[in-house]
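My structure is below; once you've seen it, I'll send some questions.
Counting from 1, the numbers follow the sequence of the chain as shown.
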Amino acid sequence: MNEILDGISSPSDIKALEIDQLNILAKELREYLIKVVSNTGGHLSSNLGVVELTLALHYCFNSPYDKLIWDVGHQTYIHKMITGRKEEIKTVRKFQGLSGFPKRAESEHDIFETGHSSTSISAALGFAKARELLNENNYVVPIIGDGSMTGGMAFEALNNAGRLDSNFIVILNDNQMSISRNVGGLSSYLDTIRTGTVYKEMKEEVEKALTKIPRIGKEVVKVIRDVKSGIKQLVIPGMLFEELGFTYLGPIDGHNISALIKTLNQAKRLNEPVLIHVNTIKGKGYKPAELNPTKYHGTKPFYIKNGRPKNLPCSDTYSKVLGDTLIDIADNKKKGIVAISAAMPEGTGLDKFARKYPDKFIDVGIAEQHAVTYAAGLAASGIKPVVALYSSFLQRAYDQIIHDVCMQRLPVIFAIDRAGLVGEDGETHQGIFDISFLSHMPNMTVIAPKNKSELQSMIKFAVDYEAPIAIRYPKGKASNELKEYNEEITYGKSEIIKRGSKIAIIGVGTLTQTAYNVSAMLEENDIMCTLINARFVKPIDKELIEEIANNHDYIFTIEENVVSGGYGNNVVKFVSDTQVNTKVVCIGIEDDFIQHGKRDELIKLCKLDEESIYNRIMTYVNK
């Protein structure tokens, strides 16, 4: 029985509570959250860290009239629970259930959708300008983590926001973490602020002593206060933000509801940009998450008693294959190889490589654009950089790939993790666009392995290739099916798995196994098809495609990418240009954003499962 939580159905219910009751509610919310996520999986550490902050925000502001914009948005579970979705939170990240991120279609309190980092302040500025144009007087409050502050877009927005002459309240939620532990100069700067109370106390004592000097004491203090240059910039906490035009308040204990409410109300009275620096503990209130916040950042279902997963995690993932293969290459004296991560060494499988070769591993923080151009500089100097990013995050560096890598034909390797449908994180994280946006870049080569062994071979091939190259592979278990088909990787060449007639199927990446299973289903109907593993998404194997176009009635391409601009579209264009009368059918993801759910549910939703593909092929055969 939750004494207070059961009575909360909207933010207005919180405003009637006393501070002691809010503290009890915080405890109940944590217990409820742990129980829910232990069953559903999801983002735990980040949500445990913002319980008091979320309560204080809803206590002080009137959502949705006042605009609360959560950066990244994976820490909005508490926000969702106190805005009328307490029961629905049990469906979080499930197919057709609540999203793990803010969704405008879910609630009027989710005013902006944020699945990637460093966007909240920019969006909030848009709301602030709209407030001015509409002659309204609401508060606009972006909440951004210190990890997200490593993204350059956040500072572009801060620079812009400092010129406002109206209330604008930025909450810097500082837990010393992004997904993994933070790195870089900004993190060190915030460390000095966290420990800066000694200066403040000393300053107050000195002023008291000077004030007591007869006749001149107060005047001396006034003169000292007027000196704002030089030393002030070196020693005053938050001076960086002050120089950008913000009034800095903090650091504040992010788990002290009374202090948070007092500071938020103080900020509301200021008709200018304010930055409130809040210190929180990621994983607060659940010991396993406090001890290992990275592990519980995004977790599978677990046992509450000890934090152990209910189902054993996969030990051999495609991410791990990347890390292990890079270690093998480095062990074999490939001195020039360097691995680059954007705040996700564990997620991309580079953590082991980082421990063994710390001098060859670079974590740039949440800064994908910087990561790519950094790699370009390394490549131009003769170093071989491997940039390991999730597909959905790589798209943030689109311009840098074109301008800084491809235009100069620099040999940067892009290890594209989570390519294709990734599951429960939904629209913002599906990796279904990379084939399309990489394929039209001059000088770029794109390859996709069908299994674990082929990924290992492709990584080694890429290390020896002297131009930009991208390897895309999916989330999850590294299958080694079809391992008996292992021709040596030859540039621009596909792999023929079986020969048939009339129908040819070309699988891209791990969907080659799906294509193989579909071909077996067709064989049961005496339809012997040709099966090809594309391997090279760009360039396509024109010689082989022209051959099969001349000898088959249909070519079916299967890819876990949007059809528009994908591999199949390039095959269509080529076959059309050769003026061969062969029908090319592109099977992929239609022009849409794909919701969250388990991967196998989404595969069926997109009709990329074996039965759907088989039925689609049979409709053409039966014609």
> Is there a side-chain contact between I503 and H552 (heavy atoms, below 4.5 Å)?
Replying inline: no

> Is there side-chain contact between I589 and L421, with heavy atoms separated by less than 4.5 Å?
Replying inline: yes

> Taking the six-membered ring for Trp, is the centroid-to-centroid distance between H74 and H297 below 6.0 Å?
Replying inline: yes

> Hey, would you say the Y620 and Y554 ring centroids sit under 6.0 Å apart?
Replying inline: yes

> With the threshold set at 4.0 Å, does a side-chain nitrogen-carboxylate oxygen contact exist between E346 and K320?
Replying inline: no

>> Give me the atom names and distance for the closest heavy-atom approach of S117 to I366.
In response: OG-CG2, 2.7 Å

> Do the side-chain N and O atoms of D331 and Y357 include a donor-acceptor pair separated by under 3.5 angstrom?
Replying inline: yes

> For V338 and I362, what are the C-alpha separation, side-chain angles and deciding distance, and is it a side-chain contact (heavy atoms from CB on, under 4.5 Å)?
Replying inline: CA-CA 8 Å; V338 168; I362 302 158; 3.4 Å; yes

> Charged N to carboxylate O under 4.0 angstrom, D316 versus K477?
Replying inline: no

> Does a salt bridge link K450 with E454, judged by any charged N lying under 4.0 Å from a carboxylate O?
Replying inline: yes

> Going by an N to O cut-off under 4.0 Å, is there a salt bridge joining E590 and K607?
Replying inline: no

>> Just verifying a value: how many Å separate T294 OG1 and N292 CG, rounded to the nearest 0.5 Å?
In response: 6.0 Å

> Which pair of non-hydrogen atoms, one from S341 and one from L350, has the smallest distance, and what is that distance?
Replying inline: CB-CD1, 4.2 Å

> What is the minimum heavy-atom distance between Y318 and K452, and which atoms define it?
Replying inline: CE2-N, 3.9 Å

> Near E484 CD, under 6.0 Å, is it more than 12 heavy atoms from other residues, nucleotides or ligands?
Replying inline: yes

>> In terms of relative ring orientation, are Y374 and H370 parallel, tilted or perpendicular, with 30° and 60° separating the classes?
In response: tilted

> Atom CG of N615 and atom CD of E610: how far apart are they, to the nearest 0.5 Å?
Replying inline: 11.5 Å

>> Nearest 0.5 angstrom please: K360 NZ to I329 CD1, how far?
In response: 11.0 Å

> Is the number of heavy atoms from other residues, nucleotides or ligands under 6.0 Å of F302 CZ greater than 12?
Replying inline: yes

>> Testing the 3.5 Å rule here: is there a donor-acceptor pair between the side chains of N480 and S453?
In response: yes

> Can a donor-acceptor pair be found between the side chains of Y491 and T445 at a distance below 3.5 Å?
Replying inline: yes

> Rounded to the nearest 0.5 Å, how far does NZ of K483 lie from CG of N451?
Replying inline: 9.5 Å

>> Testing the basics here: between N570 and G565, what is the closest heavy-atom pair and its distance to 0.1 Å?
In response: ND2-O, 4.4 Å

> Got L378 and I340 here, is their nearest side-chain heavy-atom distance under 4.5 Å?
Replying inline: yes

>> So does N175 get a backbone contact from the side chain of D146, meaning a donor-acceptor N/O pair under 3.5 Å?
In response: yes

> Would you call Y516 and I505 a side-chain contact if the rule is heavy atoms closer than 4.5 Å?
Replying inline: no

> If only atom types and distance count, is the side chain of E546 paired as donor or acceptor with the main-chain N or O of K542 below 3.5 Å?
Replying inline: no

> Between L608 and T514, is any pair of side-chain heavy atoms under 4.5 Å apart?
Replying inline: no

>> One thing to verify: whether K103 and E427 come together as a salt bridge, which I'm taking to mean a side-chain N less than 4.0 angstrom from a carboxylate O.
In response: yes

>> Show, in sequence, the C-alpha distance, side-chain angles and deciding distance for M458 and I489, and conclude whether the side-chain contact (heavy atoms from CB on, under 4.5 Å) test is met.
In response: CA-CA 7 Å; M458 285 183 172; I489 306 291; 4.1 Å; yes

>> Between K384 and E466 (salt bridge meaning N to carboxylate O under 4.0 Å), is one present in this structure?
In response: yes

> Can any side-chain N or O of D434 pair as donor or acceptor with the backbone N or O of S391 at less than 3.5 Å?
Replying inline: no

> When rounded to the nearest 0.5 angstrom, what is the spacing between CD1 in I555 and OG1 in T530?
Replying inline: 9.5 Å

> Is there a side-chain contact (heavy atoms from CB on, under 4.5 Å) between H43 and D425 once you walk through the steps?
Replying inline: CA-CA 10 Å; H43 294 99; D425 283 335; 3.5 Å; yes

> Are a donor atom and an acceptor atom from the side chains of S564 and D591 found within less than 3.5 Å of each other?
Replying inline: no

>> A quick test of your reading: do over 12 heavy atoms of other residues, nucleotides or ligands sit less than 6.0 Å from CD of E611?
In response: no

>> Testing the basics here: between A375 and P385, what is the closest heavy-atom pair and its distance to 0.1 Å?
In response: O-CG, 3.3 Å

> So, the side chain of Q75 versus the backbone of G73: is there a donor-acceptor pair under 3.5 Å, distance only?
Replying inline: yes

>> Evaluate E560 against R599 for salt bridge (charged side-chain N to carboxylate O under 4.0 Å, His left out), listing each step before the verdict.
In response: CA-CA 12 Å; E560 206 168 323; R599 187 173 180 276; 2.5 Å; yes

> Does the E424 side chain pair with the main chain of T40, one donor and one acceptor, at a distance under 3.5 Å?
Replying inline: no

>> Checking the side chain of S381 only, and the main-chain atoms of I383 only, is there a donor and an acceptor separated by less than 3.5 Å?
In response: no

> Backbone N or O of G349 within a donor-acceptor pair of the S319 side chain at under 3.5 Å?
Replying inline: no

> If every non-hydrogen atom of G42 is compared with every non-hydrogen atom of V37, which pair is closest and at what distance?
Replying inline: N-CG1, 3.8 Å

> Any donor and acceptor pair, going by atom type alone, linking the side chain of S120 with main-chain N or O of I69 inside 3.5 Å?
Replying inline: no

> Can you tell me how far OH of Y296 sits from CG of L44, rounded to the nearest 0.5 angstrom?
Replying inline: 8.5 Å

> Between E113 (side chain) and R104 (backbone), is there a donor-acceptor pair under 3.5 Å?
Replying inline: yes

> Side chain of S439, backbone of I435: donor and acceptor closer than 3.5 Å?
Replying inline: yes

> Has H440 got more than 12 heavy atoms of other residues, nucleotides or ligands less than 6.0 Å from its NE2?
Replying inline: yes

> Just checking, is any N or O donor in the side chain of T114 or D71 under 3.5 Å from an acceptor N or O on the other one?
Replying inline: no

>> Side chains of K460 and T325: any donor to acceptor distance under 3.5 Å?
In response: no

> Can D417 and T348 be counted as having a side-chain donor-acceptor contact under 3.5 angstrom?
Replying inline: no

>> Is the shortest side-chain heavy-atom distance between K282 and S46 below 4.5 Å?
In response: yes

> Quick one: are S479 and T510 in side-chain contact, heavy atoms under 4.5 Å?
Replying inline: no

> Do T76 and D110 have side-chain atoms, one donor and one acceptor, less than 3.5 Å apart?
Replying inline: no

>> I'd like to know if the side chain of R535 pairs up with that of T512 as donor and acceptor (distance under 3.5 Å, no hydrogens or angles considered).
In response: no

> Side-chain donor-acceptor pair under 3.5 Å between N517 and Q513, yes or no?
Replying inline: yes

> Taking the six-membered ring for Trp, are H116 and H429 parallel (under 30°), tilted (30 to 60°) or perpendicular (over 60°)?
Replying inline: perpendicular

> Could you walk me through whether F433 and Y398 pass the side-chain contact (heavy atoms from CB on, under 4.5 Å) check?
Replying inline: CA-CA 11 Å; F433 304 106; Y398 177 89; over 6 Å; no

> So do the side chains of K498 and S519 get within less than 4.5 Å of each other, counting heavy atoms only?
Replying inline: yes

>> My understanding is that only one of V518, V585, V584, V571 makes a side chain to side chain contact (heavy atoms under 4.5 Å, CB included) with F556; could you say which?
In response: V585

